[in-house]
Amino acid sequence: MDELNTRKDAALAAIADAATPDAVEALRVEALGKQGWISQLLKTLGKMTPEERQEKAPAIQQARAEVADAIAARKQALDDAELDRRLATETLDLSLPAPVTPKGTVHPVSQVMDELAEIFADLGFAVKTGPEIEDDWHNFTALNMDENHPARAMHDTFYFPDRDGQDRAMLLRTHTSPVQIRTMVNEGAPVRIIAPGRVYRSDSDATHTPMFHQVEGLVIDKDIHLGHLKWTLETFLKAFFERDDIVLRLRPSYFPFTEPSVEVDVGFEVVKGRRVLGGSGDAPGHAWMELLGSGMVNRRVIEFAGLDPDEWQGFAFGVGVDRLAMLKYGMDDLRAFFDGDVRWLQHYGFSPFDQPTLSAGVGATA
Ligand code: PHE
């Protein structure tokens, strides 16, 4: 009995002194492990006579419980101390200035979208967004593309599996134009918005990716005409490319949701292998490049959106954001935009401190 108490007291003292979780664990094995001395003592109980067992068992079990409790308490105390130490050493001082060279960069697509928001905000446009998982009505029907419209076939649409017997009811939007409908339906007229965002088409090569970005523009008001469209696009592109010599050419075109429709070309020349916008495409050494689709909003679309086309007219345009970024910042492969390669991001990305502003120049230093 005395011997048991002596060993127990020694074990408790050692546990209280143990300085590390490993040391506690070693003491646990020594006492309570399979070969531990308390475990061995517990085993002797089986060989005892009932009387003997009744006399000795309580003390052994008591010792086991005390040692086990002491080990658990010591482990907890050491864990708490370790946590306190880490909390004390790993403090974050949120009032410190951010590092001068942050590791991450702002993706050119995000940067360009910020530039667009800045330019159009100055012209009185609000920024709207819509769902990327869109229904057939907003993406096609309300844009004057009924079920059998041939233009639907040109969109290489990703459809969701049919549900509730509904054929091709939901899809990944193929353009940002459904945001035109949502805005008119939700807010009525007048409207002056841009809608940047992701769009999806089943298409992939150096200049096409299955997901890409567009920005939609929509103006609905009274007595709006093509002159407003041309001025707006010219003002936007001059601000965006930071050049006064941007020259536009409007060509008749066709979109189901605009009437008349105009394709907008922009003059450029090739400098050191790179297309640089500016000047008339008819000037020597220059050519025209197709840049965006636009037109006067089709009366049918205004009707679908619940407005009276005799009262309200407007124009709309849609342009590829990735394309704008490539032209402005000189990338030549669209696929690299979405590879997430840190070297590309370091090279083409922007500092988070480079907030585009009209006064400082929307074209921050890359
Ligand atoms: N939605 C058209 C496209 O994706 C672009 C467009 C938008 C054309 C608005 C006219 C008016 O090709």
Side-chain angles (χ1 to χ4, degrees), residues 109 113 116 120 125 127-132 134-146 149-158 171-184 191-203 207-221 224-234 236-237 248-266 289-305 309 312-324 334:
V109 169
M113 284 184 175
L116 296 172
F120 278 101
F125 285 62
V127 175
K128 294 283 165 194
T129 54
E132 289 166 32
E134 190 48 285
D135 57 59
D136 182 276
W137 190 80
H138 286 91
N139 195 81
F140 289 127
T141 308
L143 288 161
N144 196 30
M145 284 181 268
D146 70 19
H149 201 290
R152 281 191 180 210
M154 285 159 31
H155 275 226
D156 302 312
T157 313
F158 288 112
L171 44 85
L172 290 174
R173 67 177 180 189
T174 58
H175 51 178
T176 43
S177 299
V179 186
Q180 289 187 30
I181 306 297
R182 289 184 176 275
T183 307
M184 285 188 273
V191 173
R192 208 185 288 179
I193 58 131
I194 58 165
R198 296 190 186 95
V199 301
Y200 301 83
R201 289 182 202 177
S202 179
D203 206 352
T207 52
H208 297 87
T209 49
M211 185 280 299
F212 58 104
H213 300 85
Q214 285 188 335
V215 61
E216 193 83 6
L218 175 69
V219 168
I220 298 286
D221 211 320
I224 298 292
H225 54 75
L226 262 183
H228 295 121
L229 169 64
K230 189 173 186 220
W231 181 88
T232 304
L233 291 176
E234 239 164 39
F236 147 52
L237 292 169
L248 300 185
R249 180 177 75 174
L250 271 52
R251 261 185 307 115
S253 182
Y254 175 76
F255 298 102
F257 32 91
T258 47
E259 182 58 38
S261 300
V262 279
E263 200 97 47
V264 177
D265 300 339
V266 57
M289 163 184 1
E290 187 183 310
L291 189 62
L292 57 88
S294 63
M296 301 307 295
V297 180
N298 192 310
R299 289 177 61 89
R300 305 247 309 148
V301 173
I302 294 178
E303 266 168 25
F304 269 118
W312 302 102
Q313 311 76 49
F315 64 79
F317 60 88
V319 50
V321 173
D322 317 281
R323 183 100 190 290
L324 287 175
L334 179 61

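Note that ligands are numbered from 1 as they come in the structure, with each ligand's atoms numbered from 1 the same way. The figures here come from the full heavy-atom set of this structure, side chains too, leaving out hydrogens, waters and symmetry mates. Just so we're clear, the structure is a prediction, and the values are computed from it rather than from any experiment.
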Asks: At what distance, to the nearest 0.5 angstrom, does CD of Glu259 lie from OH of Tyr254?
Replies: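 Going from CD on Glu259 over to OH on Tyr254, the span is 8.0 Å.
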
Asks: For Tyr200, which of Glu132, Arg173, Glu134, His175 qualifies under side chain to side chain donor-acceptor pair (under 3.5 Å)?
Replies: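 The residue from Glu132, Arg173, Glu134, His175 that satisfies side chain to side chain donor-acceptor pair (under 3.5 Å) with Tyr200 turns out to be Glu132.
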
Asks: Could you give the side-chain donor-acceptor pairs of residues 224-234 under 3.5 Å, partners two or more places apart or in another chain?
Replies:
{"residue": "His225", "atom": "ND1", "partner": "Gly227", "partner atom": "N", "Å": "3.0"}
{"residue": "His228", "atom": "ND1", "partner": "His225", "partner atom": "N", "Å": "3.0"}
{"residue": "Thr232", "atom": "OG1", "partner": "His228", "partner atom": "O", "Å": "2.6"}

Asks: Return the protein residues near ligand 1 (heavy atom under 4.0 Å from any of its atoms), ordered by chain and residue number.
Replies: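 Ligand 1 pocket, heavy atoms under 4.0 Å: His175, Ser177, Gln180, Arg201, Gln214, Glu216, Phe255, Phe257, Thr258, Gly293, Ser294, Ala316, Phe317, Gly318.
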
Asks: With sequence neighbours left out, write down each residue that passes ring pair (Phe, Tyr, Trp, His ring centres under 6.0 Å) with Phe255, or none if nothing qualifies.
Replies: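 Per chain and number, Phe255 pairs via ring pair (Phe, Tyr, Trp, His ring centres under 6.0 Å) with Phe257.
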
Asks: Excluding sequence neighbours, so at least two apart, what forms side-chain hydrogen bond (donor to acceptor under 3.5 Å, both in side chains) with Ser202?
Replies: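 Ser202 satisfies side-chain hydrogen bond (donor to acceptor under 3.5 Å, both in side chains) with no other residue.
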
Asks: Could you walk me through whether Asp156 and Arg201 satisfy the salt bridge (Lys or Arg N to Asp or Glu O under 4.0 Å) test, starting with their C-alpha distance in whole Å, then the side-chain angles of each, then the deciding distance to 0.1 Å, before giving a yes or no?
Replies: CA-CA 5 Å; Asp156 302 312; Arg201 289 182 202 177; over 6 Å; no

